[in-house]
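Here is the structure we will look at, set down as structure tokens.
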Amino acid sequence: MPDHGYPDDQELVNNAKAGDLAAFETLVKRHERRIYGLARRLTGSEEDAQDVTQQTFLSAVKNLAGFREKAAFSTWLTTIAANAALKIARKRRGLPTISLDQATAPDEQGQIPHPEYIADWRETPDRLAQRAETHRLLDSVIAELNPAHRAVFLLRDSEGLSVSDTARALKISEANVKVRLLRARLQLRERLTRVFGDEQRRYAPGAHAAATHAQKQVNDRCNRNLTLRENRL
Amino acid sequence: MTKKRTKIHALGGKHGATCGELLAILNDYVDGGVAPAVCKELETHLAGCNPCRVVVDNVRQTITLYRKNKPCKMPAAFHDRLYTALRNCWKEAGPAKKPPKAVKSRT
């Protein structure tokens, strides 16, 4: 969709395919920060992120003519960047080039980890996102995830790809995307709640039943008072 | 007298029976991919189970936070290097202009 009269990606892609470098540079400008940020989080390294960003856009130049536009241009770029980043990450760790499916399959057999630290957050994500220290914390927390889980979370939740596009980009099954996404979300929630959670409004895991019971009593009491008040009126 | 249900609670206690079920379909619930009937059931559960409600809220906040917190600007030196590389690559391997249609020869 055109934004404020500017050409949309599809129009720019068409022009670029016809040989218009300026159109391609506009596309790069539009997506460079997103791709660079994704690469940084996928690889955990500034240097690697630069390599991945460059590889992504050079690969886009070379393959633009063959880009069939079944997916959005942004999704296509994300897929190229994810593959380049994972290739570099594997190389760094000295891992053989095997699929993410094979690399982490045994991990998916276990039970889903249950939430342990349960508390309302002190502030909204909008306010938290404005702070530089939040940015650093998000980077360090996501760096602790298993690389396969991290890639799924970044593509699906941070970049907003669909489950099927994420599966296609990472060459894994949709079922694996779902299970890894759940694990990633729960793990990130756990870590972030330990930092952002309000200790005063925390539910200890063992106290869950008691808390639920206490809440029920409070609700019952409120409802009773409300009924009494309504009756008086 | 009927026996009280005492399923182990997914979040650590033993009150209620659907916390485990909620955890199992948490993704679909958060992404809005749950059938309306199931959704209603889960919402009834959430209305009476604060820890589950907080976990769902926390997961949504986590996703929002990562979506909003897009990382920083690229270093200026890299930016220049990237555009130089792009222009060189475009000259060498960019999409070629459409070749003129071949004229069929009848000979």
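Reminder, nothing fancy here: chain letters follow the sequence lines and each chain counts from 1. All of these numbers come straight from a predicted model, not from anything done at the bench.
In this structure the side chain of Tyr36(A) reaches within 4.5 angstrom of the side chain of Pro75(B), judged on heavy atoms. For the pair Glu25(A)/Arg87(B), a side-chain contact is recorded, criterion being any heavy-atom separation below 4.5 Å from C-beta on. Looking only at side-chain heavy atoms (C-beta outward), Phe196(A) and Leu65(B) come within less than 4.5 Å of each other. Using a 4.5 Å cut-off on side-chain heavy atoms (C-beta onward), Gln54(A) and Phe78(B) make contact.
With rounding to the nearest 0.5 Å, the separation of CG in Asp120(A) from CG in Asn50(B) is 8.0 Å. How far CH2 of Trp90(B) is from CG of Asp20(A): 7.0 Å, rounded to the nearest 0.5 Å. Interatomic distance, His114(A) NE2 to Leu23(B) CG, rounded to the nearest 0.5 Å: 5.0 Å. Distance check: Gln50(A) CD to Leu82(B) CG gives 9.5 Å after rounding to the nearest 0.5 Å.
For the side-chain contact (heavy atoms from CB on, under 4.5 Å) criterion with Thr62(B), the lone passing option out of Leu192(A), Leu138(A), Val141(A), Asp157(A) is Leu192(A). Checking Asn58(B), Leu26(B), Asn27(B) one by one against Arg185(A), the side-chain contact (heavy atoms from CB on, under 4.5 Å) holds for a single residue, Asn27(B).
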Could you please spell out the steps behind the side chain to side chain donor-acceptor pair (under 3.5 Å) verdict for Tyr66(B) and Glu159(A)?
CA-CA 9 Å; Tyr66(B) 274 98; Glu159(A) 298 302 318; over 6 Å; no
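In this structure, a donor-acceptor pair under 3.5 Å is absent between the side chains of Arg189(A) and Gln61(B).
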